[in-house]
Amino acid sequence: MLIDPFGRAITYLRISVTDRCNFRCVYCLPESGVKWMPDEVLLSTDEIVRVAQAAARLGIYKIRLTGGEPLVRPDVLEIVERIKEIPGVTDLSLTTNGMLLDKLSKPLFEAGLDRVNISLDTLNPEKFKKVTRFGDFQKVWQGILAAEAAGLKPIKLNAVVVGGLNEDEVLAMASLSIEHPWHVRFIELMPVANKQDWGNGLPSVNERYVSVQIMHALLEPLKMEPLIVENSIGPERTFKVPGALGTVGFISPLGDHFCSKCNRLRLTADGWLRSCLLVDKEISLKEALKKGADLESFITQAVIEKPEGHKLKGHNCPEARHMSQIGG
Ligand code: SAM
Ligand code: SF4
């Protein structure tokens, strides 16, 4: 098993299969002028599978496909199918904006995907358009229902909470967990290359951040109770409204520093291993992949170099990539 110098077991790899996206969420990408990586720069299906195989040999058992939007990659079903066959990978999931789930949920399940996380920041169709710029709320809602019907369970919904935008909806969104067996997860806004003006009457930089403590205060009426999740690892904290079918979670890199529980590595769509989402330090796998070299030693090196934690509080923010290139 991979253990980093701070005693953390690294068991989880997030693979960004593309930087491309059919949305331009305000906190993730600018509205226009985004330059996608050329095809030849993106890892091929074979290369992605080889990295996943090497990771599994080192004890990584949990793999998540992300992006950009992973479902716009034409060979996403083949990637799922081939990673699912890797001995030792017992948990294969995908994070998506949900726009293409309506038609892809069933084929994804049949290809071997275990479950999906779907990003949903608001229940208001007009606001949804404003946040995602190209999204369609009804289509994403249909996608969530299609994923559930296809067996991609448990359904997890990710909402980035932004001041002046959707903080007034956290109660309604958390309440979805009462009648649905869904896990609704609130994420603090992270300052990753997204400090520019969002335009269109959207909140300014100083208004946007909402701490997990404020989210809890807004959710007070639900009287949520903390939940001890069996085998829980990773940075999330989980709660339950008494009697609810689902649960509510929080990812709070700033409000409640979570680095001591971090269990993950990230692979960017162009073949760099990143050991911390919030630190611009990466190791290239491209040459090793081209030469057919031993990938295990590179993965082990990334784990050895994994920073103890981010430095956001010292205003040391990652600037090198948009979130869509890292995969969240
Ligand atoms: N396109 C897919 C989606 O949106 O679910 C997968 C990639 S996206 C980069 C992964 C996650 O990162 C999403 O849940 C998104 O909301 C989150 N994210 C993007 N930018 C963020 C930011 N600045 N702060 C916090 N979360 C962010
Ligand atoms: Fe695309 Fe996901 Fe970024 Fe939104 S958060 S722009 S859906 S990659």
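All values reported here derive from a predicted model rather than from experimental measurement. Counting starts at 1 for both ligands and their atoms, following the listed order.
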**OP:** Classify the angle between the aromatic ring planes of F23 and F128 as parallel (below 30°), tilted (30 to 60°) or perpendicular (above 60°).
**Re:** perpendicular
Original post:
Does D121, backbone or side chain, put an N or O under 3.5 Å from an N or O of ligand 1?
Top reply: no
Original post:
Taking distance alone, with no angle check, do E69 and ligand 1 share an N/O pair under 3.5 Å?
Top reply: yes
**OP:** Could you tell me whether the side chain of F250 reaches within less than 4.5 Å of the side chain of H216, counting heavy atoms only?
**Re:** yes
Subject >> L108 vs L77 side-chain heavy atoms within contact, under 4.5 Å >> reply: yes
**OP:** Report the part of T95 in contact with ligand 1, treating N, CA, C, O as backbone and CB onward as side chain, heavy atoms under 4.0 Å; options are side chain, backbone, both, neither.
**Re:** both
Original post:
Counting only heavy atoms, which portion of T96 has something under 4.0 Å from ligand 1: side chain, backbone, both, or neither?
Top reply: backbone
Subject >> E282 with R266: basic N within carboxylate O range, under 4.0 Å >> reply: no
**OP:** Evaluate the side-chain contact (heavy atoms from CB on, under 4.5 Å) criterion for residues R64 and R115: first the C-alpha distance (whole Å), next the side-chain angles of each, then the deciding distance (0.1 Å), finally the verdict.
**Re:** CA-CA 9 Å; R64 173 176 298 279; R115 56 200 175 81; 3.6 Å; yes
**OP:** Among Ile, Leu, Val, Met, Phe, Trp and Tyr joined by side-chain contacts under 4.5 Å, find the other residues sharing a cluster with L42 and list them by chain and number.
**Re:** M37, V41
**OP:** Assess G98 for proximity to ligand 1: is some non-hydrogen atom of it under 4.0 Å away?
**Re:** no
Original post:
Which pairs pass side chain to side chain donor-acceptor pair (under 3.5 Å) with one or both residues in residues 137-157, sequence neighbours excluded?
Top reply: E148-W182
Original post:
Is a side-chain N or O of R274 found less than 3.5 angstrom from the main chain of T268, in a donor-acceptor match?
Top reply: no
Subject >> Distance-only donor-acceptor check, side chains S44 and D46, under 3.5 Å >> reply: no
Give the atoms of ligand 1, by number and element, whose distance to some non-hydrogen atom of [X] is under 4.0 Å.
| X | value |
| --- | --- |
| E188 | 25 (C) |
| G327 | 9 (C), 10 (C) |
| N97 | 2 (C), 3 (C), 5 (O) |
| T66 | 6 (C), 7 (C) |

Can you figure out which of [options] has its heavy atom closest to [atom]?
| atom | options | value |
| --- | --- | --- |
| atom 15 (C) of ligand 1 | S324, G328, S119, G135 | S119 |
| atom 1 (N) of ligand 1 | G68, P70, G67, A159 | G68 |
| atom 25 (C) of ligand 1 | K156, M99, R20, M190 | M190 |
| atom 27 (C) of ligand 1 | M323, R64, R14 | M323 |

Original post:
Hey, mind stepping through E69 and T18 against side-chain hydrogen bond (donor to acceptor under 3.5 Å, both in side chains) and telling me if it holds?
Top reply: CA-CA 7 Å; E69 173 48 41; T18 179; over 6 Å; no
Subject >> Which atom of M99 lies closest to which atom of F134, heavy atoms considered >> reply: CE-O, 4.3 Å
Subject >> Residues that N200 engages under side-chain contact (heavy atoms from CB on, under 4.5 Å), provided they are two or more places apart >> reply: K130, L202
Original post:
Around atom 3 (Fe) of ligand 2, how many protein N, O or S atoms are closer than 2.8 Å?
Top reply: 1
